[in-house]
Protein chains: 4
Amino acid sequence: MRKKFTDKQTKILDVAEELIAKKGFEGTSVRDICSKANINVAMISYYFGSKEKMMSYLYQYRVQRTKESFSEFAQTIKEGKPEMQMKEIVNYVISLLFKYSYFHGFVTQEMRSLDNVKDDLLEFYQTCVGRLDEIIKRGIVSGVFHNAPKSEDILTMIIGSTLFVIRNKNFYEMYVPANNDAQYMKEAEQKLKNSTLLSVFALLDYDAD
Amino acid sequence: MRKKFTDKQTKILDVAEELIAKKGFEGTSVRDICSKANINVAMISYYFGSKEKMMSYLYQYRVQRTKESFSEFAQTIKEGKPEMQMKEIVNYVISLLFKYSYFHGFVTQEMRSLDNVKDDLLEFYQTCVGRLDEIIKRGIVSGVFHNAPKSEDILTMIIGSTLFVIRNKNFYEMYVPANNDAQYMKEAEQKLKNSTLLSVFALLDYDAD
Amino acid sequence: MRKKFTDKQTKILDVAEELIAKKGFEGTSVRDICSKANINVAMISYYFGSKEKMMSYLYQYRVQRTKESFSEFAQTIKEGKPEMQMKEIVNYVISLLFKYSYFHGFVTQEMRSLDNVKDDLLEFYQTCVGRLDEIIKRGIVSGVFHNAPKSEDILTMIIGSTLFVIRNKNFYEMYVPANNDAQYMKEAEQKLKNSTLLSVFALLDYDAD
Amino acid sequence: MRKKFTDKQTKILDVAEELIAKKGFEGTSVRDICSKANINVAMISYYFGSKEKMMSYLYQYRVQRTKESFSEFAQTIKEGKPEMQMKEIVNYVISLLFKYSYFHGFVTQEMRSLDNVKDDLLEFYQTCVGRLDEIIKRGIVSGVFHNAPKSEDILTMIIGSTLFVIRNKNFYEMYVPANNDAQYMKEAEQKLKNSTLLSVFALLDYDAD
DNA sequence: AATGAATGAGCGTTCATTCAT
DNA sequence: CATGAATGAACGCTCATTCAT
C-alpha cells in the first residue's frame with residue numbers, strides 16, 4: 001500500500017533528498033532542511049515523527065516510485081526482440097540512476113530503522129534480475145545470444161558502473177569532453193550506455209552486425 | 001611529497017578509519033575515536049588541526065599506501081603475457097577494494113578540504129587506466145585481443161561492480177551461498193572476479209581456450 | 001462568586017487533576033491532558049486562556065468543593081458534645097486529605113497566577129481554625145477540656161501529619177502491615193486518625209475514660 | 001561511601017537546590033540553573049551526566065549531610081535525662097527542617113532514578129525513630145513518662161507539622177506577628193517548637209512542672 | 001608536548017500557544 | 001463554536017574545539 005504525502009510533505013522530502021545526497025544524513029541537520037524548505041524547524045518531527053522516520057519515508061517514497069516507473073517501462077518492451085529488449089533495459093536502468101542516483105545506497109551508515117525499506121530496494125533489484133533472466137533465456141532460445149551469463153552479474157555491472165560514474169565525476173570527466181556540468185552528465189550517460197551495452201552484448205556473445 | 005606521521009598519529013588514523021568505515025564520518029565523534037585510541041579528546045585538534053583535517057590526512061594516508069601497493073604489484077606482472085596481466089590486474093583491483101572498500105568514495109559529503117586529496121585518488125585511477133591501456137595495446141599487437149575497449153570503461157566496470165557488491169550485500173548474497181559474513185565476502189569476491197574477467201575478456205574478444 | 005463550568009470544561013479539569021496529581025504540573029503536558037480527555041489540543045488555551053490559568057481554575061474548583069463539603073459537614077456536627085465534635089472534625093479532615101491530598105500544597109512552584117486562589121485555601125484553613133476554636137472554647141467551658149491549645153497548631157499538626165504520611169509511604173508503611181497499596185492507604189489512614197486523636201486529646205487534657 | 005564534589009559542582013548543586021525548591025524539578029531548566037550559577041549550559045551534563053543524575057546527586061548530597069549532622073547531634077545528648085533529650089531532639093529536627101526544608105519530599109513526581117536515594121532518607125527517618133524509641137523507653141523506665149506513644153507517629157507529627165508550616169507561610173503567618181520574612185521564619189520556628197513540645201509531652205504524659 | 005577542564009554552538013525534539021478555516 | 005495545522009521558543013544534550021596549565 002502506498003503512503004500518500006501532502007504537498008508540504010513532498011516539498012520537505014525533496015529538499016531533504018537533495019541535501020542528504022550532498023552532505024549525508026548525519027551531515028544534514030533538520031534546521032538545514034527546514035530553512036531551505038522555508039518551513040518551521042518543528043515541522044519534520046511534526047509531520048514524520050522524527051528525522052530518522054522522515055528518512056525512512058523518503059527512502060520508501062523514492063523506491064516505490066522507482067518500482068512503479070520500472071513496471072510501466074517493462075510493459076512497453078514486452079513485445080520486442082530480445083536484443084532490443086536488452087538494449088532498452090540497459091538504457092532504461094542507466095537513465096533511471098542518472099535521474100535518481102543519490103538515494104541508491106545513500107544509506108552507508110547502519111540505520112536499523114531502514115532495514116525494512118531496504119527490502120523494498122532489494123525487491124526492485126530482484127525484479128530487474130528476473131526480467132533480465134527472461135530476456136536472456138529467450139535470446140538463447142531464439143539463437144541471437146550464444147552465452148548465458150548470470151543476470152545478477154549483469155545487473156551488478158550496470159548499476160555499479162553507473163553509480164561509480166556519477167560519484168566520481170572528476171575521474172570520468174577526463175574522458176568526456178564537456179563544457180559544463182549538465183553537458184558532462186549528458187555525455188557521460190551516453191558514453192556509459194554505449195560501453196555497457198558493448199559489455200553486455202559481448203557477454204551474451206551477440207553479434208550486433 | 002609524503003607526510004610523515006608519528007606513531008600516535010598513525011594510531012589515531014587507524015582507529016578513526018575503522019570507526020568511520022563502520023559509522024560514517026559524521027556518525028563518528030572525536031570522543032569515540034579518542035576513547036577507543038586511549039588518548040585525550042583534545043589530541044585530534046592538537047595534532048591535525050581539526051576533525052576534518054584529520055579526515056583529509058587519513059584519506060591521503062590511505063590513498064598513498066594504495067598507490068605504493070599498486071606500484072609494487074605492477075612490478076611483479078611486468079614480464080607476463082597480456083592476457084595474464086589483465087587477469088592479474090582485475091583480480092588485484094578487486095582484492096584491493098574488498099580490503100579497503102570503505103574509503104573509496106566514502107566521502108559523499110561536500111568536503112572542500114578534501115578536494116586536493118581527491119586528486120590523489122584520481123591519480124591512482126589514472127595510473128590504473130594507463131596500465132590497462134598498455135596491456136590492451138600489447139594484447140592487440142600480439143593478436144590475443146581483437147577488440148580495444150576504452151580502458152576507463154573497463155576500470156569503471158571493475159571498480160563500480162566491486163563497490164556495488166560490497167555495499168549491497170543483502171542483494172548479492174542471494175546469489176552467493178554462505179553461512180556467515182566472512183564466508184560471504186570470500187565467495188562474493190570470487191564470484192565477482194569470475195564474472196568481471198568474463199566481461200573483460202568478452203570485451204577484448206579474447207578467446208580463453 | 002462561583003465560576004460555572006461547562007461539561008467539557010469539567011471533563012478537562014477532572015482529567016487534568018488526575019494527571020497532575022500523578023506527574024506534577026510541569027510533568028503533565030497539554031497534549032497528555034487533551035488526548036486523555038479526547039479533545040483537541042487547542043481546547044485548553046481556548047477554554048481557559050492558558051495552561052496556567054486552567055490550573056488556577058482547577059485549584060479554585062477543588063478548593064470550592066472542599067469548602068462546600070466542609071460546610072455541609074459542619075452542619076452535621078453542630079449539635080454534638082465538644083469531645084465528639086473534635087473527634088469528628090479530626091477524622092473528617094484526615095479523610096478529606098486522603099481523598100484529595102494531591103492538591104493541598106501541590107503548587108510548590110512560583111505560580112503568581114495562583115496567588116489569589118491560594119487565598120481560597122487559606123480561607124478554608126481559617127474556617128477550620130474558627131471551628132476548632134469554638135469547639136475548644138465550649139469544651140473548656142463545659143469542663144471536658146482542661147487545656148486550650150492554639151487551634152492553628154492543632155490544625156497544623158493534623159494536616160501536616162496527614163500530608164507527610166501520604167507523601168512518604170515508603171516510611172510509614174514500615175509500621176502499617178499491608179499487602180497492597182489500597183489496603184495500606186486504608187490502614188495508614190486509620191492509624192493516623194488514632195494517633196492524631198490521641199495527641200489532640202492529650203493536648204486538650206481530655207480524659208477519654 | 002561519600003561522593004566528593006568540587007567547589008564548582010557544589011556551587012551548581014546549591015543553585016539547583018534553591019531553584020528546584022522554588023519551581024520544582026521540571027519547572028527548573030538546566031539553563032536557569034546554569035545562568036544563575038554563572039556557568040556554561042553544558043556543565044551540568046558534563047559534571048553529572050544529565051539533569052536527572054544531578055538531581056540524584058543533589059538528593060544524596062543533602063541527605064548524607066543531614067545524616068551526618070544528626071549523628072553528631074545524637075552524640076551531644078547521649079548523657080542527658082529523657083525529658084531533656086526529647087526536648088533537644090524535637091528542637092533539633094525542627095531546626096534542621098527549617099534549614100534544609102526544601103528537599104524533604106521535594107520529589108513529588110515519579111522519579112525512578114531517585115528510588116535508591118529515597119532509601120537514604122528513609123534510613124534517616126528510621127534512625128530518628130530508633131532514637132525516639134530509646135528515649136521514650138528510658139523515660140518510661142525512669143518514671144518521667146507515663147505513656148508510650150509510637151515513635152513513628154511522633155516523628156510524623158514533628159516533620160509533618162514543620163513542613164506544613166514552612167510550605168504554608170500565608171496561613172501560619174496570620175498567627176505569628178512579624179515584620180519581615182526572616183523574622184517570620186524565626187518566630188514561626190519558635191512557635192512551632194513550643195507547640196510541638198507541648199504535644200509530645202502531653203502524649204508522653206510528662207509533667208513539666 | 002600534552003592534558004583535562006571548560007566552552008559556545010548546534011543538535012533533534014517537545015512545548016504551549018496561535019491562527020485560518 | 002471548535003478545530004487541526006502550524007509556529008517560535010525553549011528543552012536537555014552532544015559536539016568539535018579552546019585554553020590554562
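Chain letters run A, B, ... following the sequence lines, proteins first and then strands; every chain starts at 1.
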Between [X] ([atom1]) and [N] ([atom2]), how many Å, whole number?
| X | N | atom1 | atom2 | result |
| --- | --- | --- | --- | --- |
| F48(D) | dT14(F) | CZ | P | 15 Å |
| M43(B) | dA1(E) | CE | P | 11 Å |
| L19(D) | dG12(F) | CG | C1' | 16 Å |
| E26(C) | dC11(F) | CD | P | 10 Å |
| K11(B) | dA2(E) | NZ | C1' | 16 Å |
| I39(B) | dA16(F) | CD1 | P | 13 Å |
| I33(C) | dT14(E) | CD1 | P | 18 Å |
| D32(D) | dC11(F) | CG | P | 6 Å |

Got a minute to check which stems DNA chain E is part of, using Watson-Crick or G-U wobble pairs under 3.5 Å, three or more consecutive?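 DNA chain E forms these stems: E:2-21 with F:2-21.
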
Using the side chain to side chain donor-acceptor pair (under 3.5 Å) criterion, which residues pair with K67(B)? Sequence neighbours excluded.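 Per chain and number, K67(B) pairs via side chain to side chain donor-acceptor pair (under 3.5 Å) with E123(B).
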
Between the protein and nucleotides 17-19 of chain E, list the N/O to N/O atom pairs that are separated by less than 3.5 angstrom.
unit_1, atom_1, unit_2, atom_2, d
dT17(E), OP2, K51(C), N, 2.7

Test side-chain contact (heavy atoms from CB on, under 4.5 Å) on C34(A) and I44(A); report intermediate values, then the result. CA-CA 8 Å; C34(A) 291; I44(A) 285 182; 3.9 Å; yes

What are the two closest non-hydrogen atoms of [X] and [Y], and how far apart are they?
| X | Y | answer |
| --- | --- | --- |
| E52(A) | F25(A) | CA-CZ, 3.9 Å |
| V30(C) | V41(C) | CG1-O, 3.6 Å |
| S50(D) | K53(D) | OG-N, 3.1 Å |

Indicate, with a heavy-atom threshold strictly under 4.0 Å, whether T28(B) touches base, sugar-phosphate, or nothing.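 If one applies the 4.0 Å heavy-atom cut-off, T28(B) turns out to touch the sugar-phosphate alone, with no base involved.
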
In chain order, what residues pass the side chain to side chain contact (heavy atoms under 4.5 Å, CB included) check against T10(B), with sequence neighbours excluded?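 Side chain to side chain contact (heavy atoms under 4.5 Å, CB included) check on T10(B) returns F5(B), D14(B), Y61(B).
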
With sequence neighbours excluded, what pairs up with V15(D) under the side chain to side chain contact (heavy atoms under 4.5 Å, CB included) test?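 Checked V15(D) against side chain to side chain contact (heavy atoms under 4.5 Å, CB included); matches are K11(D), L19(D), I33(D), K36(D), A37(D).
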
Could you check if a side-chain atom of F48(D) sits within less than 4.5 angstrom of a side-chain atom of Q9(D), using non-hydrogen atoms only?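 Yes, side chains in contact.
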
Closest nucleotide among dA16(E), dA2(E), dA16(F) to the S29(B) side chain: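 Shortest atom-to-atom distance from the side chain points to dA16(F).
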
For D32(B), check salt bridge (charged side-chain N to carboxylate O under 4.0 Å, His left out) against everything at least two apart and list the hits.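 D32(B) satisfies salt bridge (charged side-chain N to carboxylate O under 4.0 Å, His left out) with K23(B) only.
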
